[in-house]
Q: 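Attaching a single structure in structure tokens format; questions to follow.
Note that the coordinates shown come from a computational prediction; the quantities given were computed from them, not determined experimentally. Reminder, nothing fancy here: chain letters follow the sequence lines and each chain counts from 1.
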2 protein chains.
Amino acid sequence: MARHAGVSMGTVSNVLNHPAKVSEQTIARVRDAIDTLGFVRDANASSLAAGGSRSIGLVVINLGNSMFVDVARGAQTAAHTAGLNLLLAGSEDSFAVQGANVDSFNEARVQGLLLAPLQDSSSQTRRMTQRGRPVVIVNYDASSDPVCCVVVDNEQVGYLAAKHLLDSGCERIAFLGGEDEKFQPVRLRRRGVRRAMAEAGRPVAFEEIAVDELTDAAGARAADAVAARSPGMRPDGVVAVTDTVAVGFIERALDLGIDVPGQIAVMGCDRNTSAPDCRVPLSSVAMQGYEMGTAAMRLLLDEIAHTPNHVHQRVVLAPSLVVRASTAGFRGGAADSHGTASEDDSSEVVNAG
Amino acid sequence: MARHAGVSMGTVSNVLNHPAKVSEQTIARVRDAIDTLGFVRDANASSLAAGGSRSIGLVVINLGNSMFVDVARGAQTAAHTAGLNLLLAGSEDSFAVQGANVDSFNEARVQGLLLAPLQDSSSQTRRMTQRGRPVVIVNYDASSDPVCCVVVDNEQVGYLAAKHLLDSGCERIAFLGGEDEKFQPVRLRRRGVRRAMAEAGRPVAFEEIAVDELTDAAGARAADAVAARSPGMRPDGVVAVTDTVAVGFIERALDLGIDVPGQIAVMGCDRNTSAPDCRVPLSSVAMQGYEMGTAAMRLLLDEIAHTPNHVHQRVVLAPSLVVRASTAGFRGGAADSHGTASEDDSSEVVNAG
DNA sequence: CTGAAAGCGCTTACAG
DNA sequence: CTGAAAGCGCTTACAG
């Protein structure tokens, strides 16, 4: 390769990495040789010699959820802007697989890691941070750990969902939430729902209906419980803690002859386009995956550049309401009092500001 | 590290890579040292010294389509079974990005590549195959090139979709397909639809309605055209070439007062859970992403192991019908003549066998 | 079963 | 601006 161009391999390396140090003629000669020989640089040797790779790792809990694909898109864009490569891995909802992914990127000597976990993962990230490779946590509040994180305001998610039902004229609201407090977003969304209730400014009935897991089956069981009551005792607005639970509720409610949104308006909470199909397009609250990805990469690059003078921060993004048919046709529906903007799928989006 | 365990680094390497060659005592001592020192092997140095990485690359055209996430899952499973690592990248529907991903894996010295493209990509894969790294093409028929490929039988996709409408009692069938022949699946699905028509065994009207792009907007325009006719001149069964086109058609049809499936039964063709929301859950034909992933990895590993005595093959997987509400309630509906099996979402699946 | 040594393909100061 | 040389952290025959 180097001899084919009549130069040393040090010069070839400079053409590839520091072209400003090489004369134009030499660059042209080397590039010719690269093309004719089909030379492809060995990134392993390169990283080894340079003392580190030009890559950032991104590990998300599940690529089956479209929000995390959005995160990857955002991170990818920001990484390329910085001239870095993005390595991507999904964890299939498994903490163990996530750990293997983190280790794999650690072995690959990534410059830093973006991690979207379901639970506290400090035991896994320590393996990176100990070696001076910064970690930024995405979509999980890890602010008790010494790391940066970027999240969507889940309290605001619950608030927007409940507020929208109140604005639509609902008088008896139910929150379908998990029984336990382990799952961080459940706790926060419930709190937001309660805040909206407290601010309602008029008497509104409120209840919680426990779902024992975050599945459509659990949502369906909640619908069974509601349908068993006399119609006057049923809620007329439901906030389900996830879209999947909401879909389960709606489908079963329809099967049981309850009109959605005519008799009960239903909100999801995480705008999950991977949720099961639903006969009634679901109003929900969008989680801003792309923006989480870009923001997280920005934090990570800052930490890489300014270690050890870096101050950890927590970035909280505002979620936005997405209004579709599962609430738009509620029979008591007063118009939403917010300003609205059309999306290209002709649903309405209200930014949380 | 090695000195902390009191052994040479050659022995450490053997503990990690060939533990059978090391005594149990030494292994224990080395593992202790690894744990206490938090040692993490440098995969770059490892690949360089070993003359190749332990990784396979997978490049898919877009991770936003859930089918490709399924492909990744299948490939991942098969790779881990073989003790290999799976590197994953999405191309955002861009041929240029795809090329960058291929180059990146080429530089990483992967053992082989799985590529799910939208078009002929031999110009990009040549960069890998020239260097002795096998490539398997996924979800695209590249059998004119010297590579293995694994596809779903797209002719059968069209056939199953049309056959299901015929079995449901439709008498006037329309195919919503692309105008041009550039997009391989369009051509094949159309052919399958025509075969089903030819086999109908009774007089059935057939027409094609051209859509100029594979979007929901194009589907909506097709619905406009249909609605403009007198009701007696409309099709009563529609096969849309993709789910996204089908959703656009259905939503507009409903807006225009046409009942789906009451007046028109509608089939999609690629079971795309990333398609826009639809008021009527969509019958479609599932594309077997996971199985494509495992099959492709199997072909690739065979080629890696048996080069140059490897014979390229094309694996064709059978698609399967997924019946949901957009056809199930057609007013003329005779029962489907096939045996059926319940899915956990209580839709019906008929395997193409 | 273990160690010493060569070498993988690059990058990076350092001379010139 | 260019080349020669050392070295990155491993793996792999090869001796012992």
Q: Suppose the criterion is salt bridge (charged side-chain N to carboxylate O under 4.0 Å, His left out): which pairs have a residue in residues 72-88 of chain B, not counting sequence neighbours?
A: A/E92-B/R73, B/D70-B/R73

Q: Between side-chain atoms of residues 44-61 of chain A and protein atoms elsewhere (two or more places apart, or another chain), which donor-acceptor pairs fall under 3.5 Å?
A:
from, atom 1, to, atom 2, distance (Å)
A/S47, OG, A/A43, O, 3.0
A/S53, OG, A/S55, N, 3.2
A/S53, OG, A/R109, O, 2.8

Q: Could you check B/R29 against B/G51 and say which one's nearest nucleotide on DNA chain C is further toward the 5' end?
A: B/R29

Q: Would you give me the side-chain donor-acceptor pairs under 3.5 Å for residues 136-154 of chain A, sequence neighbours excluded?
A:
from, atom 1, to, atom 2, distance (Å)
A/Y140, OH, A/D120, N, 3.2
A/D141, OD1, A/S143, N, 3.0
A/D141, OD1, A/S143, OG, 2.7
A/D141, OD2, A/R314, NH1, 2.8
A/D153, OD1, A/E155, N, 3.2
A/D153, OD1, A/Q156, N, 3.1
A/N154, OD1, A/R189, NE, 2.9
A/N154, OD1, A/R189, NH2, 3.0

Q: Going by distance alone, is a donor N or O of one side chain under 3.5 Å from an acceptor N or O of the other, for B/R133 and B/N106?
A: yes

Q: Side-chain polar contacts of residues 25-33 of chain A - donor-acceptor pairs under 3.5 angstrom, sequence neighbours left out - could you list them?
A:
from, atom 1, to, atom 2, distance (Å)
A/T26, OG1, A/S23, OG, 2.8
A/R29, NH1, A/A5, O, 2.9

Q: Give each stem of DNA chain C as a range with a range, requiring at least 3 consecutive Watson-Crick or G-U wobble pairs whose two distances are under 3.5 Å.
A: C:1-3 with D:14-16, C:5-12 with D:5-12, C:14-16 with D:1-3

Q: Just jot down the side-chain contact (heavy atoms from CB on, under 4.5 Å) partners of A/Q130, sequence neighbours excluded, or say none.
A: A/R126

Q: Which ring pair (Phe, Tyr, Trp, His ring centres under 6.0 Å) pairs, counting each pair once, include a residue from residues 295-318 of chain A, with sequence neighbours left out?
A: A/H310-A/H312

Q: Looking at residues at least two apart in the chain, or sitting in another chain, which of them share a salt bridge (Lys or Arg N to Asp or Glu O under 4.0 Å) with B/R298?
A: none

Q: Reading nucleotides 3-16 of chain D 5' to 3', which nucleotides get B (base under 4.0 Å from a protein heavy atom), which S (sugar-phosphate only), which -?
A: B---BBBBBB----

